[in-house]
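Have a look at the structure below before the remarks.
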Amino acid sequence: MSDFSKPYNAKDHEERMYAKWLESGYFTPENLPNADKREPYTIIMPPPNVTGVLHMGHALMLTLQDIMIRYQRMRGKRALWLPGTDHAAIATQARVEKDLVKEGTSRHDLGREEFLRRVEAFAKKSHDTIISQVKTMGASCDWTREAYTLDEDRSLAVRTMFKKMYDDGLIYRGNRIVNWDPKGQTTISDDEIVYEERAAKLYTFRYSKDFPIPIATTRPETKIGDTGVAVHPDDVRYQEFIGKEYDLEFYGVPLHIKVVADKEVDPAFGTGAVGVTPAHSHTDWEIAERHGLGVTQVIDEQARMMVGDNPLTGQKVADARATIVEWLGSENLLEKEEDIKQNIATAERTGGVIEPMPKLQWFVAVNKEFSLPHSSIEGIASGAKTTLKEIMRRTVESGQIKIIPEHFEKTYFHWIENLRDWCISRQIWYGHRIPVWYCLPCAELDTLGYKPGTGETVVPRSEKLIPISGTETPTTCPKCHSTSLSQDPDTLDTWFSSGMWTFSTLGWPENTQDLKLYHPTNVLETGYEILFFWVARMILMTGYGLGEIPFRTVYLHGTVRDAKGRKMSKSLGNGIDPVDIAKTFGADAGRMALIVGNTPGTDMALSEDKIKGYKHFANKIWNASRFVLTSIENADLSHEPKLTPSDTAALAELRRVAKEVTDDMEQFRFYLAAEKIYHYFWHTFADTILEEAKLTLRGESVEEQLSAKWTLHTILTTSLKLLHPFMPFITETVWEQVPQKNKTILVVEPWPHS
RNA sequence: GCGUCCUUAGCUCAGUGGUAGAGCGUUGCAUUCACAUUGCAAAGGCCGCAGGUUCGAUACCUGCAGGACGCACCA
């Protein structure tokens, strides 16, 4: 009891406790007592990006998962919590490029190899910081299984998956319209776009004096790429023009315009007629596809005009817009100019304004039919035709995967309905390089007939694809036997590898023991903001690759905001550093503050005052424990003594509380469980039971004293167990001092049965 | 446009078909005996508004208002 100093000082104990846990080996499920008899319980940790340091959102995620894992471990499960980190392709690359700019250099100056060395060095450093922070939070994960989304094993998994999907025709290379980020010089997926409202002008004009229909646009410069005009099929104003074709000249550029009827057109907007620019608008692209209109690209990757030898060529789009507007005015073609508000698409990472344009990219087809040889997905039989979209929908619809809170299921379905093919290639260097090689001599065989010189696609035949070193790239072209092969320069969207996380971490494509035992996992715990990015992609990948679900329950937490409800951000400077919190108040206090009152799917406001409150609670636990332990010293508690009626009642209440807390844990109501045990310990145990025991202990009756000591000991030990998932450090520290038969560490103590 | 969520004590939020709870904060009192990182007590709420269902609504339904958010569109 010598280290039982008066106030509880978290920093005197937490580091030592974590070391003690690691030494016990119990975070590795095989080391648990009677491991083979235990039923597996698995959580794969959402891997933090190696872009920097942990924030409060990570702390929340770690706490929730640690609570689940510690609880299940105490419940006798073979609990595996598998940790890892994410290479976060575009985010990490952007971070390092920023540093390079400061040094006055760029990735192109360094070259691909040297640049990747720089990124890897940064990622390594960032990784080490993150791991030490995860440990500070008390996370009881199995470090022997730690994974990285870009390590050897995960690379093999990614290549294997790519090839499998390619062979099934689910991955295709296509010249399609994509979201191009001129600032980041890469494509991005629909989900990586953020919309910003800006003021814009809507111009109403005619292509030429002879053209019968005026059209409205906010982007006159793109009209040079128009190949059609679309009107609503029922619009009486334009019936006579539908199907007609016109040859005309617009700013010196010859245009061939066909008038088509399409229900996408809103007759109430503008003039009710849309100039169709298939190359630079997603909807126009689709209209063009439906009506067989041509595609003319007029904007290049630098967001500059490309119109042959026209003077516009080389102008930035904004300048070109002014030029065109001025010209329209001078030609008397401009009929109206009005101010409107417009949502403009920007890239989440770089802030660049997105220019949709057609590019040759790799896509995952979400609506294409294929069959799963072995399916355990409800509603999709083995061998039956299905699509990736159906897998994503069915697994949730059937209840095989349950989302908490439930209402997010509606949001999820809504998103799936609108899902288009997923563009997975990125023009960046850090990431999984696309495992596809091109044969240069076979260039003319390019099936797409696009961009000569890249050649036909060659995908390696071996079942297991090539390790990342590239030493085993295909040596000859199967068609012409040339050895002149070059790998696709692009890398994969980071969510491609993240989507495989639940099974790539367990050894897939090998049919490992881990995969058999721990998959499907039990819970995926993550933030609701990546429901689409990640959760849906995991369901897609797992359904396709394994014919099963990746997890049974998805628990979605909200965003941790500051005391005023604002998002924590660097620019506001209102962020709370979880490691600072652990140092100042103790990791336990930070954990409790994050959990109590925090319902799933809802954002929470976190203040230092709240954390301070739980620091006080830790102190309360500490002092109450000191009192109990001092009081029961030398008492014979080997057998239950005769209990007084009030002690019997107190123990009955303890059982009731334990039962309620257990029910809450089972129902994922951690916010209630934590609050109940907090309230019980402080206001029932410490304030009432303990105060009454003081009187008894000073009294005459030895029998009553023994009854009181037994009761205090039972309530203390049970409370420590109930509190352990929430406040692992202090409970384990006190536990060291508790006299108990066959005592081991609290990590593997059985949960109080109720 | 489609969709979701929220509106309860000063603040942050729980909650239930039988006229409300927690934490923090506020106010008053208490102090050598586990703990002032404490204890005891108090103040504080027509549970957003209007209808409906019901014996009874904060809770269920409809509408409205305000707020947050997702998706699509924005030609």
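The basis for the numbers below is simple: all heavy atoms, side chains too, and nothing from hydrogens, waters or symmetry mates. Remember, it's a predicted structure, so these values are computed and weren't measured experimentally. Naming convention: chains lettered A, B, ... in sequence-line order (proteins, then strands); numbering from 1 in each chain.
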| Which atoms form the tightest heavy-atom contact between A/A674 and A/I595, and what is the distance? | CB-CG2, 3.9 Å
| query | Looking at B/rC24, does its base get a donor-acceptor pair with the side chain of A/K610 below 3.5 Å? | reply | no
| query | Is the A/W682 ring parallel, tilted or perpendicular to the A/F617 ring (thresholds 30°, 60°)? | reply | parallel
With a 3.5 Å cut-off and sequence neighbours excluded, list the donor-acceptor pairs that the side chains of residues 525-537 of chain A form with protein atoms.
unit_1, atom_1, unit_2, atom_2, d
A/E525, OE1, A/Q65, NE2, 2.8
A/E525, OE1, A/H557, ND1, 3.4
A/E525, OE2, A/H557, ND1, 2.4
A/Y528, OH, A/D603, OD1, 2.7
A/Y528, OH, A/D603, OD2, 3.3
A/W534, NE1, A/S498, O, 2.9
A/R537, NH1, A/F533, O, 3.0
A/R537, NH2, A/D191, OD2, 3.1

| request: For the pair A/F668 and A/F670, name the ring-plane relationship: parallel under 30°, tilted 30 to 60°, perpendicular over 60°. | output: perpendicular
| task | Let me see the working for A/V366 and A/R420 under side chain to side chain contact (heavy atoms under 4.5 Å, CB included), right down to the final yes or no. | result | CA-CA 7 Å; A/V366 293; A/R420 290 187 285 212; 6.0 Å; no
| request: Work out which heavy atom in A/I324 is nearest to a heavy atom in A/E221; give both atom names and the distance. | output: CG1-CA, 4.0 Å
| query | Which one, B/rA34, B/rU37, B/rG70, comes nearest to the side chain of A/F532? | reply | B/rG70
| Taking atom P of B/rG23 as reference, at what distance in whole Å does atom CZ of A/F585 sit? | 19 Å
| query | For the base of B/rA72, is there a side-chain donor-acceptor partner from A/E417 under 3.5 Å away? | reply | no
| request: Taking atom C1' in both B/rG15 and B/rU62, compute the distance separating them and give it to the nearest angstrom. | output: 24 Å
| request: For B/rC40 versus B/rC35, give the span between their P atoms, rounded off to a whole number of Å. | output: 16 Å
| said: Taking 4.0 Å as the cut-off, does a side-chain nitrogen or oxygen of A/Y412 come that near to OP1 or OP2 on B/rG70? | reply: no
| message | Heavy atoms only, 4.0 Å cut-off, all strands: where does A/V628 land among base, sugar-phosphate and nothing? | response | nothing
| message | Under 4.0 Å, heavy atoms only, any strand: does A/G597 hit a base, just the sugar-phosphate, or nothing? | response | sugar-phosphate
| Within the pair A/K620 and B/rU38, is there a side-chain N or O less than 4.0 Å away from OP1 or OP2? | no
| task | Report which part of the nucleic acid A/A216 touches: base, sugar-phosphate, or nothing (heavy-atom distance under 4.0 Å, all strands). | result | sugar-phosphate
| field | Where A/I403 and A/E409 come nearest, the two heavy atoms and their spacing | value | N-OE2, 3.1 Å
| request: Using the C1' atom as the reference point in each nucleotide, state the distance between B/rC73 and B/rU58 in Å, no decimals. | output: 39 Å
| request: Would you indicate what A/D687 reaches in the nucleic acid, counting non-hydrogen atoms under 4.0 angstrom: base, sugar-phosphate, or nothing? | output: sugar-phosphate
| message | Looking at B/rC73, I'd like to know if its phosphate oxygens (OP1 or OP2) sit under 4.0 Å from a side-chain N or O belonging to A/Q342. | response | no
| Within the structure shown, what part of the strands sits under 4.0 Å from A/Y528 by heavy-atom distance: base, sugar-phosphate, or nothing? | nothing
| request: Compare every heavy atom of A/F250 with every heavy atom of A/P220, then report the nearest pair and how far apart it is. | output: O-CE2, 4.2 Å
| said: What's A/L690 touching, base or sugar-phosphate or nothing? Going by heavy atoms closer than 4.0 Å. | reply: base
| query | Does B/rG23 have OP1 or OP2 sitting under 4.0 Å from an N or O in the side chain of A/H683? | reply | yes
| Minimum-distance nucleotide (side-chain atoms of A/F269 versus B/rG23, B/rA34, B/rA75) | B/rA75
| query | With rounding to whole Å, what would you report as the distance between B/rG44 and B/rU8 at their C1' atoms? | reply | 13 Å
| request: Kindly say whether A/G565 contributes a backbone atom to a donor-acceptor pair with the side chain of A/D562 at under 3.5 angstrom? | output: yes
| field | B/rC29 versus B/rA36 - spacing of their C1' atoms, nearest Å | value | 14 Å
| message | Rounding to an integer number of Å, can you tell me how far A/W534 CH2 sits from B/rG70 P? | response | 20 Å
| note | Taking for A/H679 and for A/N343 the nucleotide of RNA chain B with the nearest heavy atom, the one nearer the 5' end belongs to A/H679
| said: So if I take every side-chain heavy atom of A/T283 and compare against B/rC73, B/rA14, B/rA34, which nucleotide ends up nearest? | reply: B/rC73
| request: Spell out protein contact along nucleotides 3-11 of chain B as letters: B when the base is contacted, S when just the sugar-phosphate is, - when no protein heavy atom is under 4.0 Å; keep the 5' to 3' order. | output: -SS------
| query | Minimum heavy-atom separation for A/N367 to A/T387, with atom names? | reply | O-CG2, 3.4 Å
| note | RNA chain B nearest-nucleotide lookup for A/R698 and A/K612: closer to the 5′ end is A/K612
| task | Determine the interatomic distance between P on B/rG48 and the same-named atom on B/rA14; round to the nearest Å. | result | 14 Å
| message | Given a 3.5 Å cut-off on both pairing distances, which stems involving RNA chain B, each at least three consecutive Watson-Crick or G-U pairs, are present, if any? | response | B:1-7 with B:65-71, B:10-13 with B:21-24, B:26-30 with B:38-42, B:48-52 with B:60-64
| request: Measure the acute angle between the ring planes of A/F205 and A/Y207, then classify it against the limits of 30° and 60° as parallel, tilted or perpendicular. | output: perpendicular
| query | Roughly how far apart, to the nearest Å, are B/rC69 and B/rG63 at atom P? | reply | 24 Å
| remark: When rounded to whole Å, the OH to P distance for the pair A/Y614 and B/rU38 reads 13 Å
| Geometric class of the A/Y412/A/W415 ring pair [parallel <30°, tilted 30-60°, perpendicular >60°] | tilted
| message | Output the rounded distance in Å from CD (A/E338) to P (B/rA75). | response | 12 Å
| request: Please state how far atom CG in A/L672 lies from atom C1' in B/rG23, giving the value in whole angstrom units. | output: 13 Å
| query | Looking across every strand, which nucleic acid part, if any, lies under 4.0 Å from A/A200 by heavy atom: base, sugar-phosphate, or nothing? | reply | nothing
| task | Just compare B/rC73, B/rC35, B/rU37 and give me whichever is closest to any side-chain atom of A/H616. | result | B/rU37
| said: Can you tell me which nucleotide in B/rC13, B/rA75, B/rG70 comes closest to the side chain of A/A605? | reply: B/rC13
| message | Taking any heavy-atom pair under 4.0 Å as a contact, classify A/S607: base, sugar-phosphate, or nothing. | response | nothing
| query | Starting at CG of A/D266 and ending at P of B/rA72, how long is that distance when rounded to a whole Å? | reply | 18 Å
| request: Answer with base, sugar-phosphate or nothing: what part of the nucleic acid does A/E529 contact at a heavy-atom distance below 4.0 Å? | output: nothing
| task | Quick one: label A/S281 by what it contacts on the DNA or RNA (base, sugar-phosphate, nothing), any heavy atom closer than 4.0 Å. | result | nothing
| said: For the residue pair A/K402 and A/Y555, would you count it as a cation-pi contact if the rule is NZ or CZ under 6.0 angstrom from the ring centre and within 45 degrees of the ring axis? | reply: no
| query | Between B/rC71, B/rA34, B/rA14, which nucleotide has the shortest distance from any of its atoms to the side chain of A/N623? | reply | B/rA34
| Test: A/R176 cationic atom under 6.0 Å from A/F363 six-membered ring centre, within 45° of axis | yes
| said: So A/G270, base contact, sugar-phosphate only, or nothing? Heavy-atom distance under 4.0 Å. | reply: nothing
| field | Pairwise P distance, B/rU26 and B/rA34 [rounded to whole Å] | value | 27 Å
| said: From the set B/rU37, B/rA75, B/rG39, return the single nucleotide nearest to any side-chain atom of A/T218. | reply: B/rA75
| request: Provide, to the nearest angstrom, the distance between the CG atom belonging to A/D603 and the P atom belonging to B/rG67. | output: 18 Å
